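Letters go in sequence order (proteins before strands), and every chain restarts at 1. What you are looking at is a predicted structure, and each value in this text was computed from that prediction instead of being measured.
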Number of protein chains: 4
Amino acid sequence: MAKGVNKAILLGNVGKDPEIRSTASGTIVASFTLATSDRTKDQTGNWVDQTEWHNLVAFKRTAEIVRDYVKKGSKIYVEGKIQTRSWDDKTSGEKKYRTEILVNELSLLSGRGEGESGGGGYQRSGGSSGYDQRGSQAPADDYANSAEITDDDIPF
Amino acid sequence: MAKGVNKAILLGNVGKDPEIRSTASGTIVASFTLATSDRTKDQTGNWVDQTEWHNLVAFKRTAEIVRDYVKKGSKIYVEGKIQTRSWDDKTSGEKKYRTEILVNELSLLSGRGEGESGGGGYQRSGGSSGYDQRGSQAPADDYANSAEITDDDIPF
Amino acid sequence: MAKGVNKAILLGNVGKDPEIRSTASGTIVASFTLATSDRTKDQTGNWVDQTEWHNLVAFKRTAEIVRDYVKKGSKIYVEGKIQTRSWDDKTSGEKKYRTEILVNELSLLSGRGEGESGGGGYQRSGGSSGYDQRGSQAPADDYANSAEITDDDIPF
Amino acid sequence: MAKGVNKAILLGNVGKDPEIRSTASGTIVASFTLATSDRTKDQTGNWVDQTEWHNLVAFKRTAEIVRDYVKKGSKIYVEGKIQTRSWDDKTSGEKKYRTEILVNELSLLSGRGEGESGGGGYQRSGGSSGYDQRGSQAPADDYANSAEITDDDIPF
DNA sequence: TTTT
DNA sequence: TTTT
């Protein structure tokens with residue numbers, strides 16, 4: 001009776017190769033971004049392409065599918081839950097928010113081979129944090145340090 | 001052809017009486033929060049009620065419906081578009097993000113009279129920012145100062 | 001990869017007390033109808049209320065919730081899968097179709113006590129087929145005789 | 001307050017080249033079928049591909065997009081309204097039902113050139129009624145004769 | 001009747 | 001940062 005509905009339905013293109021991590025307890029986690037593009041009229045009546053970026057997270061079996069089949073450029077359909085996590089920024093002391101889509105349904109729309117052009121290595125190595133995704137530096141670090149996903153964040 | 005899908009489907013209860021404002025050009029804007037509750041199992045297998053808060057915005061005709069019929073406690077169904085706005089925090093200089101649902105469909109589920117218990121005054125006056133809903137003070141002010149909705153933010 | 005999406009999202013009022021049955025193998029099945037009302041403009045520009053009726057089916061745990069909490073008049077939100085079953089009419093020999101929503105998510109929106117007006121008995125007895133909801137008699141019988149849900153129809 | 005929700009969300013492949021017609025008043029109408037495929041477990045626990053077929057109808061601007069870009073094999077995402085039309089079968093005298101999805105949002109997922117393999121002619125000519133789509137003969141004719149879409153069926 |  |  002107290003059950004609400006919290007559902008996101010998205011169809012778009014993946015911005016970067018997904019980040020794959022594991023929690024302390026061994027749960028696999030995939031993080032990636034999705035661009036949904038729209039053609040809307042602006043104030044002057046012109047058609048403008050408008051792109052919205054979404055932060056997606058997937059766990060367990062869904063994360064494995066992401067790891068194995070989703071890459072930069074992939075077109076996917078996704079259903080998920082909208083979640084906002086918050087943490088206290090260590091340096092500024094301010095509260096920060098990050099909204100993510102917890103993916104629970106995923107459909108691959110690019111054929112095999114489509115999506116990524118580079119055939120070679122997926123060099124997703126080094127210091128790439130995977131959250132440095134809006135041209136912001138400090139926030140990414142901050143997020144990585146203060147708001148890393150822990151087992152407590154996982155809803156199962 | 002490049003058309004993506006960006007849709008949120010929410011059903012829950014309104015957290016506070018909506019804020020009603022107008023842009024410089026006279027467009028009416030309604031802002032409010034919605035709680036969607038879920039019963040999920042936690043790590044230890046217990047059923048836990050989990051509430052997610054969403055920031056909703058409505059414009060024009062939809063904003064008028066919100067103004068006239070939606071209040072604290074109202075149960076509503078909503079469809080909208082997920083949007084993240086960003087701005088530079090004036091004091092800390094950091095980039096901040098705020099994700100909102102731009103409502104384009106709304107269905108009232110509380111009967112008339114349901115929802116609000118207090119019959120008296122809707123004292124939506126004074127310093128009540130309507131964004132002080134996560135125990136955070138500064139962010140609300142900050143948001144009010146730095147990220148006020150302007151005509152440029154309105155997608156039509 | 002070949003995964004499609006087939007989803008119905010409905011919010012409306014239940015037309016009659018649900019029918020509860022069991023398959024030969026003991027799976028509980030609930031069947032009921034849902035009215036979704038819309039206010040659309042007709043050809044002459046007048047606002048007209050338009051009601052669409054849907055046939056819903058629920059199995060197992062969801063069927064138990066329907067049995068225990070859903071009744072005539074209940075306002076509910078439902079997610080499900082659109083399915084069309086077909087059978088050969090015994091008398092006319094024609095192929096017949098029936099589209100149903102296989103419910104997999106259900107949210108009760110009427111408070112307890114709301115919905116049903118009659119306090120007394122839920123006389124869901126006798127010949128009430130539960131499918132006699134469009135002013136048609138024969139189809140209901142026909143359906144009952146020729147297109148009863150069998151274990152083969154259940155997708156799990 | 002009496003506003004319900006009636007929404008279908010489908011992603012799949014088009015079964016045949018769409019039928020394009022016009023009503024007496026000149027409204028363009030597109031009819032086509034969509035297959036949504038699912039991989040579910042059957043009773044014995046094996047994974048089985050299950051395909052559901054949907055009847056889609058589009059009007060006006062959406063019908064033009066269908067006419068110009070959608071063909072047999074096209075992968076599309078669609079939002080629409082579930083509608084059941086009924087009519088009296090002339091020969092058997094029985095009431096018949098046909099459930100359709102009235103498309104109001106459409107996204108093309110096949111690239112240009114994808115979808116159809118045959119480059120040549122779209123010979124959608126002759127007596128093809130477009131409703132002879134489930135291996136049934138009489139019903140199609142019947143439908144064509146008794147339940148043709150008229151201006152009265154169009155909800156605007 | 002589609003698709004992987 | 002994606003895609004058409």
message: What I want to find out is whether K96(C) reaches E94(C) closely enough, with some N-O distance under 4.0 Å, to be called a salt bridge.
response: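 A salt bridge is absent here (no side-chain N lies under 4.0 Å from a carboxylate O).
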Report the distance from atom [atom1] of [X] to atom [atom2] of [N], rounded to the nearest whole Å.
X      : N      : atom1 : atom2 : answer
K3(C)  : dT4(E) : NZ    : C1'   : 13 Å
F32(D) : dT2(E) : CZ    : C1'   : 13 Å
Q50(D) : dT3(E) : CD    : P     : 19 Å
Y77(D) : dT3(F) : OH    : P     : 21 Å
K75(D) : dT1(E) : NZ    : P     : 20 Å
R39(D) : dT4(E) : CZ    : P     : 12 Å
H54(D) : dT1(E) : NE2   : C1'   : 13 Å
K16(A) : dT3(F) : NZ    : P     : 13 Å

Query - Those residues that, when tested against E52(D), pass salt bridge (charged side-chain N to carboxylate O under 4.0 Å, His left out) (two or more places apart) - result: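 Salt bridge (charged side-chain N to carboxylate O under 4.0 Å, His left out) check on E52(D) returns nothing, list empty.
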Item to complete: Indicate, with a heavy-atom threshold strictly under 4.0 Å, whether T51(A) touches base, sugar-phosphate, or nothing.
Response: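 Since a base atom lies under 4.0 Å of T51(A), the category is base.
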Of all the choices, [options], which nucleotide is nearest to the side chain of [X] once you look at every atom?
X      : options                : result
N13(D) : dT2(E), dT4(F), dT1(E) : dT2(E)
A35(D) : dT2(E), dT4(F), dT2(F) : dT2(E)
K72(A) : dT3(E), dT2(F), dT1(E) : dT2(F)

Check: Do any N or O atoms from the side chain of N6(A) and from the backbone of I82(A) form a donor-acceptor pair under 3.5 angstrom?
Finding: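 Pair found, side chain donor or acceptor close to backbone of I82(A).
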Can W53(A) be classed as stacking with the base of dT1(F), given a centroid separation cut-off of 5.5 Å and a plane angle cut-off of 30°?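 Yes, the aromatic ring of W53(A) stacks with the base.
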Cut-off 3.5 Å, side chains only: do R21(A) and S31(A) have a donor facing an acceptor?
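Distance-only check passes for R21(A) and S31(A).
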